[in-house]
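Each ligand, and each atom within it, is numbered from 1 in the order the structure gives.
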Amino acid sequence: MYNITLIPGDGIGPEVISSAKKIIEATGLKVNWDIVNAGINVYKKKGVLIPNKVFESIEKNKIALKGPITTPIGSGFRSINVMLRKKYDLFSNVRIVKTIPGVNSPFKNVNLIIFRENTEGLYSGIEKKISDNSAEAIKIITKNASLKIAKTAFNYAKKNNKNKITVVHKANIMKLTDGLFLDCVRKISKEYPDIKLQEIIVDNMCMQLVMNPSQFEIIVTTNLYGDILSDLCAGLVGGLGLVPGANIGNNMAIFEAVHGSAPDIAGKNIANPTAIILSGAMMLNYIGETKKSNLILDGVSKTISEGKYITRDLGGSSSTTEMTEAIIENMLTIKKFMS
Ligand code: NAD
């Protein structure tokens, strides 16, 4: 029996998290879900954005599946997502961007993974109003965090027999901050002589990605570039509804989709549950339940490639619930066939 913290979030969060929960249960995994929540809706009810129960649950279980949480734009409270990543030093934000056959996209063979530094950079949260007409934000890059994300990316490459890593930076302009990040990645790369390090400036990277994304396999970068490139890459494989992610530290991990709370489609039962379902599959892999994780991947792939029960972002007309049920059905068929 696994104890896992489940954070539904807000917007489309509760809808897609409910799908992921059903799918994980359909694998046969025995889970004791500890359901806790944070965000503006909780604040309205309880007067606190992140109740202690959330921290206690994450600290106890050391593993969580989380829906998106809205962050107000311009003013209001700071991102709860960023706060959790920093508080628990979940320094690796890992995002898997992979073509799923059947999805309409001009690119057919995208298969890349982004390692985004997750605790600093321009997300330091240190901002200051200087006058009525100016404000500043502090970008923090440390050797410690840069070495850690670089090491994670190279370890992954080695374990998965990959021979190239692309580091994305803007060290031509930000010589001290991005310069330090780049130096750290170069330093780690020397420990892996069989893996080639390709260095690309972030603006060129955007162009390269939309021209020929298949040339990249592993990307390592700073917090802000990683955030932007993740959404760009999601667009290459059919949209945000498809791309899963994980925030991983030394002994704790929070799994969540790349997408946000999608207020424009919230509460309509039309969100694509795939991204959070695949985040759940990443979580199962992380805890060593590889077979069950693969069963989810196969169920999702089959459902999407059949194209019968897919949500409207993928060109279909099914609801979140119908797509979830179809995935479960396919998983059960695959399971029967395998046994
Ligand atoms: P978003 O990812 O919520 O939505 C961008 C676009 O993609 C929208 O058109 C939306 O409808 C679509 N989309 C997203 N997920 C989808 C899905 N599963 N199925 C179908 N379509 C989907 O980005 P946004 O609108 O920029 O942000 C909304 C809110 O989410 C903001 O408050 C932001 O701060 C927050 N956010 C939270 C997280 C997180 O919790 N980790 C991540 C990103 C954004």
Side-chain angles (χ1 to χ4, degrees), residues 6-20 23 37-43 49-50 54 58 64-88 90 93-95 97 100 103-104 114 116 118-119 123 125 223-224 226-248 253-280 282 300 303-304 309-324 327:
L6 192 72
I7 306 173
D10 54 39
I12 59 169
E15 300 162 57
V16 293
I17 278 282
S18 155
S19 295
I23 299 276
N37 215 354
I40 193 69
N41 293 337
V42 178
Y43 183 79
L49 275 171
I50 315 181
V54 176
I58 297 174
L65 183 63
K66 175 187 161 297
I69 296 178
T70 305
T71 309
I73 295 171
S75 58
F77 61 88
R78 290 200 172 274
S79 167
I80 289 171
N81 311 306
V82 173
M83 187 272 196
L84 289 174
R85 294 165 189 171
K86 274 192 194 173
K87 179 174 170 72
Y88 295 120
L90 306 174
N93 192 326
V94 185
R95 285 153 167 202
V97 186
I100 303 179
V103 174
N104 189 18
I114 298 173
R116 161 190 173 192
N118 212 17
T119 57
Y123 289 56
N223 206 339
L224 178 64
D227 195 2
I228 296 169
L229 292 181
S230 300
D231 277 36
L232 188 158
C233 289
L236 303 174
V237 295
L240 279 165
L242 296 172
V243 180
N247 306 283
I248 304 179
I254 300 180
F255 294 81
E256 63 181 338
V258 170
H259 65 70
S261 56
D264 51 336
I265 56 166
K268 297 181 178 160
N269 196 22
I270 57 171
N272 186 344
T274 304
I276 189 73
I277 290 171
L278 295 181
S279 306
M282 284 175 83
V300 166
T303 309
I304 292 178
Y309 296 103
I310 49 173
T311 44
R312 56 174 83 172
D313 57 310
L314 298 180
S317 57
S318 297
S319 66
T320 310
T321 322
E322 286 164 342
M323 186 168 175
T324 307
I327 296 170

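The shortest non-hydrogen separation linking Lys86 to Thr119 is CE-O, 3.4 Å. For the pair Gly9 and Asn37, the tightest heavy-atom approach, listed with the atom from each and the gap, is N-OD1, 3.0 Å. Residues Ile277 and Ala20 share a closest heavy-atom pair of CG1-CA, 4.0 Å. Nearest heavy atom pair, residue Met282 against residue Ala246, reads CE-CB, 3.8 Å.
When each of Ser230, Pro244, Pro68 is checked for a side chain to side chain contact (heavy atoms under 4.5 Å, CB included) with Val258, only Ser230 meets the rule.
The closest protein non-hydrogen atom to atom 18 (N) of ligand 1 is Asn272 O, 3.0 Å. For atom 30 (O) of ligand 1, the closest non-hydrogen atom on the protein side is Ser261 N, 3.0 Å. Summary of contacts: the protein heavy atom closest to atom 36 (N) of ligand 1 is Gly260 CA, 3.5 Å. Here the heavy atom of the protein found nearest to atom 14 (C) of ligand 1 is His259 CB, 3.6 Å.
Applying the 4.0 Å criterion to heavy atoms of Pro263 picks out, from ligand 1, the atoms 28 (C). Atoms of ligand 1 lying under 4.0 Å from at least one heavy atom of Ala262, given by number and element, are 3 (O), 10 (C), 11 (O), 14 (C). Residue contact check: Arg85 has heavy atoms under 4.0 Å from atoms 41 (N) of ligand 1.
Tyr88 OH: more than 12 foreign heavy atoms inside a 6.0 Å radius.
Nearest to atom 11 (O) of ligand 1 by heavy atom, out of Asp264, Ile254, Ile276, Ile12, is Asp264. Selection from Arg312, Glu15, Glu256 by nearest heavy atom to atom 41 (N) of ligand 1 gives Glu256. Looking at Asn81, Leu240, Ile80, Val243 and measuring to atom 38 (C) of ligand 1, the nearest heavy atom belongs to Asn81.
When distances from atom 32 (O) of ligand 1 to the protein are checked, a heavy atom turns up under 4.0 Å. There is no protein heavy atom closer than 4.0 angstrom to atom 24 (P) of ligand 1.
Only the side chain of Ile265 comes within contact range of ligand 1, with a heavy atom under 4.0 Å; no backbone atom does. At a heavy-atom distance under 4.0 Å, atoms from both the backbone and the side chain of Thr70 approach ligand 1. Neither the backbone nor the side chain of Lys268 comes within contact range of ligand 1; no heavy atom lies under 4.0 Å.
For Thr320 (side chain) and Ile270 (main-chain N/O), a donor-acceptor pair under 3.5 Å exists by modelled atom type. Of the possible donor and acceptor atoms, none in the side chain of Lys66 sits under 3.5 Å from a partner among the backbone N and O of Asn81.
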Determine, stepwise, if the pair Asn272 / His259 fulfils side-chain contact (heavy atoms from CB on, under 4.5 Å).
CA-CA 10 Å; Asn272 186 344; His259 65 70; over 6 Å; no
Does the pair Ile114 and Cys233 meet the rule for a side-chain contact (heavy atoms from CB on, under 4.5 Å), with working shown?
CA-CA 9 Å; Ile114 298 173; Cys233 289; 3.9 Å; yes
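At least one N or O atom of Ile69, backbone or side chain, sits closer than 3.5 Å to an N or O atom of ligand 1.
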